[in-house]
Novice: 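One structure follows; several queries about it will come next.
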Amino acid sequence: MSMVATATSPPPSILSFIEIANSISQLHQAHAFMLKSGHFRNPFASSRLLTKATSPPISSPDTLSYALSIFTHTEEPNSYIYNTIIRAYSTSPFPQLALIIFLKLLNSVNKVFPDKYTFTFIVKACATMGNVKQGEQVHGLVTKIGLDEDVYVYNTLIHMYAKCGRFDVSRGMIDGLVEDDVIAWNALLSVYVERGLFEFARELFDEMPVRNVESLNFMVSGYVNVGLVDEARKVFDEMLVKDVVSWNVMITGYTKADKFDEVLGLFEDMLRAKVKPDNCTLVNVLSACAGVGSLSQGKWVHAFIERNGIEVHDFLATALVDMYCKCGCIEKALEVFNGTLRKDISTWNAMIAGLSNHGYLDDALNTFNELIADGIKPNEVTFVSVLSTCSQGGLLSEGRRMFDLMINEYRIQPTLVHYGCMVDLLGRFGLLEEAEELLSKLPVKEAPALWESLLSASRSHNDVELAERIASKLLELDPHDSAGYVQLSNVLASMGRWGDVREVRRKMRSEGITKEPGCSMIEVDGVVHEFLAGEGIIL
DNA sequence: GTAGGGTTAG
């Protein structure tokens, strides 16, 4: 008797367990219980499960496949269940799946009909794909059913056409509105801004009969996107109403422009204006602290986070770890790292890079091994740190093993930086032929920096012929490349060809090429000092 | 009984 699965309404306890679940494993528990008790066949119960799996904070690209399995195991999905899975895929990396499920809905045996919700999600999927052909077909269906009367569907269509580059159609739909709708205007404005079409954005903005905070936020980020931070600031300063996004857009703009003092100043203004910083604010402010090397301000932000009970994971954990590492406080970085339960690959990358940059090469590699043991997939950034660690430590066999692991196990295509680490490592051991062979797999013009690296290796191994060959190759490629000139003159100097050295230097001056000095920062007693390579520090 | 449009992040 009890083996027969029923679709009876589920006990409130299981529903509230799902409601408060905050991890995928809790959902699995609920799911298993529901399968046993037969409540999974209750459409309301399974929709709660599906909604939870596809909403923050649980939803992620990984939980998508779980959500799909909930969907496929639902015998006769109702429209809510269809809509929820379509919504989940509409903004995912696989929006095509939303379309496939939509087609399944249209052909469903139990006659499920698409509604206004279905269409907002499916139009969004077309926008994500940038597939205007599909979008137009869906639009046709929308009109046929009469759902273009729905303001949500209509505005999503405006956005879809803009996303697909059909600005004319998008604009036509806005003009077709009987009543001004700021969201309709913003839908087009946002795409102009996103694409860096600032002139179009400005023109549209001036024409808009209605504007709100978001419209101005888009304009500020429009200036930021084309690199005009000062112009952005002017608009920002004139805003009468600012929300947290306004502050974040401006702060993010300064961070992108490496104007860290402005970030920190704006953060103080924000606190004075009594606007509550969110994760986005804090991530940027921490990155500014890291950028100027200000441990004291970074610590203040960390204390602020703890004081306000803000949960530290993923993005924020990464920013904290990175800040502590860049401010030279590796112990605090480790403390945050080890105290963070929800780490993503970037959090690991920040820690590995920090350890490596501070010379804790064994710890960096051990942390990498822990990551693998935890079953997390490393990405190309991870391997930059790992290979550079091997290169710094002169760990030849380890480096070769890692390079192989990256390509053959994790199927990551090495970038120039990865090749660079390998060339450096091989060069150090005088394995110049192996390095040259590795480089020859790349088109020369894509990798001048790598040839530079090999050039300095050939110099230190006194292979002057190879060095000269590479130096001329570099100059042939780019007569304005200062590194090529500097290296070439060094090679010539080491060979005692002083006349040629003078000739190279003269040519550099005539081409207006100067060698850019390196620059470093250090904080002493709360004051950040910046100095150029070759300069002394005066305390 | 549940839901939807335009927005900032390492």
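Lettering of chains follows the sequences in order, A, B, ..., and the numbering in each one begins at 1. Computed from a prediction, not measured in an experiment: that's the story for all the values here.
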Novice: Does a side-chain N or O of A:K256 approach OP1 or OP2 of B:dA9 to a distance below 4.0 Å, or not?
Specialist: yes
Novice: When you measure from the side chain of A:N284, which nucleotide among B:dG4, B:dG10, B:dG6 comes out closest?
Specialist: B:dG10
Novice: May I ask you to say what A:D181 touches in the nucleic acid, namely base, sugar-phosphate or nothing, with a heavy-atom cut-off under 4.0 Å?
Specialist: base
Novice: Could you state the CZ-C1' distance from A:R87 to B:dA3, rounded to the nearest angstrom?
Specialist: 6 Å
Novice: For the residue pair A:K343 and A:F337, would you count it as a cation-pi contact if the rule is NZ or CZ under 6.0 angstrom from the ring centre and within 45 degrees of the ring axis?
Specialist: yes
Novice: Give the rounded distance in Å between these two atoms: CE of A:M219 and C1' of B:dT8.
Specialist: 16 Å
Novice: Please classify the nucleic acid contact of A:V182 as base, sugar-phosphate, or nothing, using heavy-atom distances under 4.0 Å.
Specialist: nothing
Novice: Walk me through whether A:N212 and A:N186 qualify under side-chain hydrogen bond (donor to acceptor under 3.5 Å, both in side chains).
Specialist: CA-CA 9 Å; A:N212 62 6; A:N186 284 352; 3.2 Å; yes
Novice: Among A:N217, A:N284, A:D278, find the residue that satisfies the side-chain hydrogen bond (donor to acceptor under 3.5 Å, both in side chains) test when tested with A:N248.
Specialist: A:D278
Novice: Roughly, in whole Å, what's the span from CD1 in A:I183 to P in B:dT7?
Specialist: 10 Å
Novice: Kindly point out which of B:dG4, B:dT2, B:dT7 is positioned nearest to the side chain of A:H159?
Specialist: B:dT7
Novice: Check whether any side-chain nitrogen or oxygen of A:K52 sits under 4.0 Å from OP1 or OP2 of B:dT2, and answer yes or no.
Specialist: no
Novice: Output the distance between atom CD1 (A:I376) and atom CZ (A:F368), rounded to the nearest 0.5 Å.
Specialist: 11.5 Å
Novice: Which of these nucleotides, B:dG4, B:dT2, B:dT8, is closest to any side-chain atom of A:S47?
Specialist: B:dT2
Novice: Would you classify A:D344 as touching base, sugar-phosphate or nothing, given that sugar-phosphate means primed atoms plus P, OP1 and OP2, and contacts are heavy atoms under 4.0 Å?
Specialist: base
Novice: By nearest atom, which of the nucleotides B:dT8, B:dG6, B:dG10 is closest to the A:N212 side chain?
Specialist: B:dG6
Novice: Within this structure, what is the OH-to-P distance between A:Y324 and B:dG10, rounded to whole angstrom?
Specialist: 20 Å
Novice: For A:T347, answer base if it contacts any base atom (sugar-phosphate contacts may also be present), sugar-phosphate if it contacts only those atoms, and nothing otherwise; contact means non-hydrogen atoms under 4.0 Å.
Specialist: base
Novice: Could you say whether the aromatic ring of A:Y152 and the base of B:dG4 stack, counting only centre distances under 5.5 Å and plane angles under 30°?
Specialist: yes
Novice: Name the nucleic acid region contacted by A:K116, choosing base, sugar-phosphate or nothing; use a 4.0 angstrom heavy-atom cut-off, strictly under.
Specialist: base
Novice: Does the B:dG4 base have a donor-acceptor partner in the side chain of A:D150 within less than 3.5 Å?
Specialist: yes
Novice: Do A:N279 and B:dA9 share a donor-acceptor pair, side chain to base, under 3.5 Å?
Specialist: no
Novice: What's the closest nucleotide to the A:F315 side chain, out of B:dA9, B:dG4, B:dG6?
Specialist: B:dA9
Novice: Answer yes or no as to whether B:dT2 has its base stacked against A:F44, where stacking requires a ring-centre separation under 5.5 angstrom and planes under 30 degrees apart.
Specialist: no
Novice: Does the ring centre of A:H139 sit less than 6.0 Å away from the ring centre of A:Y161?
Specialist: yes
Novice: Let me know the distance between CG of A:D278 and P of B:dT8, rounded to the nearest Å.
Specialist: 12 Å
Novice: For A:F218 and B:dT7, give me the distance from atom CZ to atom P, rounded to whole Å.
Specialist: 5 Å
Novice: Round to a whole Å and report the spacing from OH of A:Y254 to P of B:dA9.
Specialist: 17 Å
Novice: Closest approach to the side chain of A:V283, judged atom by atom: which nucleotide of B:dG6, B:dG10, B:dT2 is it?
Specialist: B:dG10
Novice: What contact category does A:V123 fall into here, base, sugar-phosphate, or nothing, at under 4.0 angstrom with non-hydrogen atoms?
Specialist: nothing
Novice: Between A:D261 and A:K259, does a salt bridge (Lys or Arg N to Asp or Glu O under 4.0 Å) hold up when you go through it step by step?
Specialist: CA-CA 6 Å; A:D261 293 329; A:K259 297 197 166 187; over 6 Å; no
Novice: What's the spacing between A:W247 CH2 and A:F236 CZ if we round to 0.5 Å?
Specialist: 4.0 Å
Novice: Just call it for A:L15: base, sugar-phosphate, or nothing, with non-hydrogen atoms closer than 4.0 Å on any strand.
Specialist: base
Novice: A:T156 near the nucleic acid: base, sugar-phosphate alone, or nothing, with a heavy-atom cut-off under 4.0 Å?
Specialist: sugar-phosphate
Novice: In this structure, how many angstroms lie between the C1' atom of B:dG4 and the CG atom of A:L147, rounded?
Specialist: 12 Å
Novice: When you measure from the side chain of A:S346, which nucleotide among B:dT7, B:dG10, B:dT8 comes out closest?
Specialist: B:dG10
Novice: So for A:T318 and B:dG10, does any side-chain atom that can act as donor or acceptor lie under 3.5 Å from a complementary atom in the base?
Specialist: yes
